[in-house]
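Notes to accompany the following structure.
Keep in mind the model is a prediction, meaning the values are calculated, not measured.
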Amino acid sequence: MIKRAETNDLETLAKLAVIMWKNHSVNELINEFSEIMANGKSQFFLKYENDMPIGFAQCQLRYDYVEGTSTSPVGYLEGIFVKNGYRNKGYAKELLDECEAWAKENGCHEFASDCEIDNVNSLQFHKAMNFTEVNRIICSQIASASWTPAR
């Protein structure tokens with residue numbers, strides 16, 4: 001079963017998300033997700049098996065430029081996760097399908113996503129879900145402590 005997450009699902013979402021986004025705490029994610037839900041331009045979905053939450057997806061409407069797209073807004077997959085032991089059963093595809101349907105309901109004609117360049121599992125997922133690679137970038141910075149503006 002897949003359900004649209006509501007505010008009473010924040011803790012469940014955060015407990016799943018912290019497995020994927022390890023540099024956050026459950027409380028941080030609850031706060032972040034609460035703000036995201038309040039903006040009305042995003043949706044979370046929860047996947048259940050035998051009444052146990054085993055995955056989630058987060059999508060939103062993006063109005064800024066999205067690589068490879070030509071319309072606005074664009075439906076955007078912000079995150080998707082299925083617990084180990086439940087993978088390779090089509091659950092992520094089901095979650096993605098819900099995200100795409102939600103985006104269409106909200107007037108989107110395109111759907112996009114991204115992944116870190118070295119995240120092999122995510123790249124494989126995107127290819128398996130028929131996402132087409134449109135660009136690769138490397139972001140760089142000069143460490144602020146050693147940077148002196150040119151005169």
Side-chain angles (χ1 to χ4, degrees), residues 1-69 71-141:
M1 172 188 88
I2 293 180
K3 72 172 266 194
R4 287 184 184 208
E6 299 173 2
T7 54
N8 61 334
D9 296 308
L10 284 168
E11 186 173 352
T12 301
L13 282 168
K15 285 180 177 179
L16 288 167
V18 78
I19 299 168
M20 180 172 64
W21 293 317
K22 297 178 188 324
N23 57 337
H24 294 282
S25 71
V26 170
N27 286 336
E28 287 173 333
L29 290 171
I30 288 172
N31 291 333
E32 182 179 329
F33 292 168
S34 178
E35 289 177 25
I36 291 169
M37 281 185 178
N39 79 19
K41 302 205 183 318
S42 62
Q43 183 64 58
F44 291 85
F45 293 93
L46 283 163
K47 171 67 180 173
Y48 287 84
E49 184 176 272
N50 299 324
D51 296 325
M52 181 189 314
I54 54 101
F56 82 98
Q58 174 190 357
C59 55
Q60 74 177 30
L61 305 177
R62 286 219 179 164
Y63 294 88
D64 55 328
Y65 175 70
V66 175
E67 291 283 340
T69 66
T71 62
S72 183
V74 172
Y76 204 85
L77 180 65
E78 297 291 344
I80 190 163
F81 174 78
V82 175
K83 283 182 171 181
N84 284 331
Y86 298 94
R87 295 181 181 164
N88 299 312
K89 297 182 177 187
Y91 295 157
K93 173 73 171 126
E94 290 176 22
L95 286 162
L96 178 60
D97 288 346
E98 291 292 330
C99 289
E100 289 182 29
W102 176 84
K104 287 178 186 174
E105 289 169 14
N106 284 275
C108 297
H109 298 285
E110 295 177 279
F111 194 85
S113 184
D114 65 47
C115 68
E116 296 288 329
I117 202 162
D118 61 348
N119 189 334
V120 176
N121 291 335
S122 183
L123 181 58
Q124 288 174 341
F125 166 77
H126 282 81
K127 286 181 178 181
M129 297 298 110
N130 294 318
F131 282 94
T132 301
E133 185 175 315
V134 296
N135 196 14
R136 285 184 178 233
I137 63 170
I138 296 175
C139 300
S140 303
Q141 78 172 42

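A 6.0 Å sphere centred on CE of M1 holds more than 12 heavy atoms belonging to other residues, nucleotides or ligands. The environment of D64 atom CG is dense: over 12 non-hydrogen atoms of other residues, nucleotides or ligands sit within 6.0 angstrom. Open room surrounds NZ on K127; 12 or fewer heavy atoms of other groups in view lie less than 6.0 Å from it. By the neighbour-count criterion of 12 heavy atoms within 6.0 Å, atom CG of N23 is densely surrounded, having more than that number from other residues, nucleotides or ligands. The environment of K89 atom NZ is dense: over 12 non-hydrogen atoms of other residues, nucleotides or ligands sit within 6.0 angstrom. Other residues, nucleotides and ligands contribute only 12 or fewer heavy atoms inside 6.0 Å of the CD atom of E116.
Here N39 contributes atom CG and M37 contributes atom CE; the two are 10.5 Å apart, rounded to the nearest 0.5 Å. Once rounded to the nearest 0.5 Å, the distance linking CZ of F45 with CZ of F56 reads 13.0 Å. How far CD of Q124 is from CG of N119: 9.5 Å, rounded to the nearest 0.5 Å. Atom CD of E32 is separated from atom NE2 of H24 by 6.0 Å, given to the nearest 0.5 angstrom. With values rounded to the nearest 0.5 angstrom, L95 atom CG is found 11.0 Å from F81 atom CZ. The OG atom of S72 sits 11.5 Å away from the CZ atom of R62 when rounded to the nearest 0.5 Å.
Using a 4.0 Å cut-off between charged nitrogen and carboxylate oxygen, K15 and E11 count as a salt-bridge pair.
The two residues L77 and F125 make their nearest non-hydrogen contact at CD2-CE2, 4.1 Å. In terms of heavy atoms, G75 sits closest to A103 at CA-CB, 3.8 Å. In plain terms, the two heavy atoms of I137 and I117 that are nearest each other are O-CD1, 4.2 Å. L96 and I80 get closest at one heavy-atom pair: N-CD1, 4.0 Å. Of all the heavy atoms in V82 and R87, the pair that sits closest is O-NE, 2.5 Å. In terms of heavy atoms, C108 sits closest to L61 at SG-CD2, 3.4 Å.
No side-chain heavy atom of I2 sits less than 4.5 Å from a side-chain heavy atom of Y91. Looking at L16 and P53, their side chains come closer than 4.5 Å, going by heavy atoms from C-beta outward. Under the 4.5 Å side-chain criterion, counting only non-hydrogen atoms from C-beta, E78 is not in contact with I36.
The ring-ring contact (aromatic ring centres under 6.0 Å, His included) test applied to F131 returns H126, not counting sequence neighbours. In this structure, the side chain to side chain donor-acceptor pair (under 3.5 Å) partners of D97, at least two apart in sequence or on a different chain, are K93. F44 meets the ring-ring contact (aromatic ring centres under 6.0 Å, His included) test with F33; sequence neighbours excluded.
In this structure, the side chain of N31 does not engage the main chain of E28 through any donor-acceptor pair within 3.5 Å. Side-chain atoms of Q43 never come within 3.5 Å of backbone atoms of R4 as a donor-acceptor pair (strictly under, hydrogens ignored). The closest donor-acceptor contact from the side chain of T71 to the backbone of H109 lies at 3.5 Å or more, if one exists at all.
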Self-check item: Residues E133, L123; criterion side-chain contact (heavy atoms from CB on, under 4.5 Å); working and verdict
Solution: CA-CA 9 Å; E133 185 175 315; L123 181 58; 4.3 Å; yes
